[in-house]
Amino acid sequence: MPELPEVETVANDLNQYLRGKIIARLELIGRHSLVKNSWPDFKKSLQGKKVLKVYRRAKMIVVALESGYLLFHLKMTGQLIYVLKKSLVAGGHPIASTGVAVPNKFTRLIFHFKNGGVLYFNDIRKFGWVKFLKNEAFEALDKATGLEPLSKEFTFKRFEEILQRRSRTSLKAALLDQKHLVGLGNIYVDEVLYNAGLSPKRLAGSLKEKEKIKLFKAIPLILKKSIARRGTTFSDFLDAQGRQGGFAALLKVYGRASLACPRCGAPIIKSRLAGRGTHWCKNCQK
DNA sequence: CAATCAACCTGGGTGC
DNA sequence: TGCACCCAGGTTGATT
């Protein structure tokens with residue numbers, strides 16, 4: 001589900017709701033491996049702790065506590081939804097805009113806050129995870145995580161180096177790789193390549209200067225446009241209030257197989273590349 | 001080291 | 001209705 005714009009949306013929402021709040025109690029539903037710490041350690045590390053701030057790092061949601069960090073990864077179908085307890089009704093809290101209720105059969109973990117706020121971690125496919133890290137462990141992870149495409153460190157020079165490192169593979173695979181550049185996933189790689197007019201099959205090392213510049217500019221452009229619309233809901237993504245993102249209507253190629261290219265009218269191609277469904281216009285992307 | 005691919009899990013959609 | 005596929009916003013560990 002969530003790529004950079006979706007994770008950014010949820011993190012910003014949660015920052016507003018959770019900043020300064022104190023964790024009172026945790027509830028784990030069912031037995032599963034979504035919590036990466038042992039359950040007693042996890043509870044002990046979190047109960048009574050105050051949230052300093054919430055932000056995004058790569059595709060992770062980082063909750064900075066007064067000591068240590070809580071990290072979430074939503075993977076494909078994870079959701080973090082916050083509601084105030086006083087607005088809960090018997091059988092769950094219906095969320096007006098989508099009709100989704102929390103808790104529901106996909107709720108795996110619940111955080112109760114001292115102000116009466118409740119944070120629900122839902123995940124249909126159970127790929128998502130959460131873990132508590134001490135300060136040193138978080139700093140090591142942060143250091144080992146790749147470059148942020150919306151940061152000032154994302155320079156043309158750094159981008160060229162990243163392309164060069166993956167020069168013998170396709171642009172699709174190179175941009176999906178989180179090792180050196182983080183945040184892009186299947187939707188935004190396709191959209192970025194469409195914007196840049198480049199075929200996903202092109203080898204990363206084959207770009208001319210002008211093409212590299214186009215691609216370099218397309219990455220933050222597309223990501224920012226999606227953040228402004230609060231991300232893309234294709235099937236499961238919801239923000240921290242249970243609302244859908246608004247970027248799906250602006251997608252040019254992703255999910256538009258056989259429909260007309262918005263630029264030239266040719267049918268959008270879909271095939272499998274780097275193990276993922278890949279959408280592009282054969283006419284506009286060279 | 002770099003590239004590929006199955007595996008993790010559940011649900012939705014399609015075709016017979 | 002049922003069943004047998006195929007597909008899905010991510011990552012990782014095994015295998016070439």
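Reminder, nothing fancy here: chain letters follow the sequence lines and each chain counts from 1.
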By the 4.0 Å heavy-atom rule, please label [X] as base, sugar-phosphate, or nothing.
X: A/G277; value: sugar-phosphate
X: A/G185; value: sugar-phosphate
X: A/R272; value: sugar-phosphate

### Query
Any side-chain N or O of A/H73 under 4.0 Å from OP1/OP2 of C/dT11?
yes

### Query
Can a side chain N or O of A/K75 be found less than 4.0 Å away from OP1 or OP2 on C/dT12?
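No, outside the criterion.
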
### Query
Going by number, which of residues 166-175 of chain A have a non-hydrogen atom under 4.0 Å from DNA chain B?
A/R166, A/R168, A/T169

Rounded to whole Å, please give me the gap between [atom1] in [X] and [atom2] in [N].
X: A/K270; N: C/dC6; atom1: NZ; atom2: P; value: 14 Å
X: A/L74; N: C/dG10; atom1: CG; atom2: P; value: 11 Å
X: A/R276; N: C/dT12; atom1: CZ; atom2: P; value: 13 Å
X: A/I162; N: B/dA2; atom1: CD1; atom2: C1'; value: 17 Å
X: A/L34; N: C/dG10; atom1: CG; atom2: P; value: 18 Å
X: A/K179; N: B/dC1; atom1: NZ; atom2: C1'; value: 12 Å
X: A/I124; N: C/dA8; atom1: CD1; atom2: P; value: 16 Å
X: A/H180; N: B/dA3; atom1: NE2; atom2: P; value: 10 Å

### Query
Side chain of A/T145, backbone of A/L141: donor and acceptor closer than 3.5 Å?
yes

### Query
A/T77 and A/D123: side-chain donor and acceptor closer than 3.5 Å?
yes

### Query
Between A/Y188 and A/E6, is any side-chain donor less than 3.5 angstrom from a side-chain acceptor?
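Distance-only check passes for A/Y188 and A/E6.
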
### Task
Indicate whether A/F127 forms a stack on C/dG10; treat it as stacked only if centroid distance is below 5.5 angstrom and interplanar angle below 30 degrees.
yes

### Message
As a test of reading the structure: which of B/dG11, C/dA8, C/dT11 is closest to the side chain of A/F106, going by heavy atoms?
### Response
B/dG11

#### Entry: Nucleotide nearest A/K126 when distance is taken to its side chain, options C/dT11, C/dA8, B/dT10
B/dT10

If we only count heavy atoms from C-beta on, is the [X] to [Y] side-chain gap below 4.5 Å?
X: A/I110; Y: A/H112; answer: yes
X: A/P149; Y: A/F159; answer: no
X: A/F111; Y: A/L46; answer: yes

#### Entry: Salt-bridge present (A/K212, A/E160; N to O < 4.0 Å)
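Judged by the 4.0 Å cut-off on N to carboxylate O distance, A/K212 and A/E160 do form a salt bridge.
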
### Task
State plainly whether the residues A/R56 and A/E148 are in salt-bridge range, i.e. N to O under 4.0 Å.
yes

### Query
Which base sits across from B/dC9 as a Watson-Crick or G-U pair, both distances under 3.5 Å?
none

### Query
With rounding to whole Å, what would you report as the distance between C/dC3 and B/dC9 at their P atoms?
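Each nucleotide's P atom is 23 Å from the other's.
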
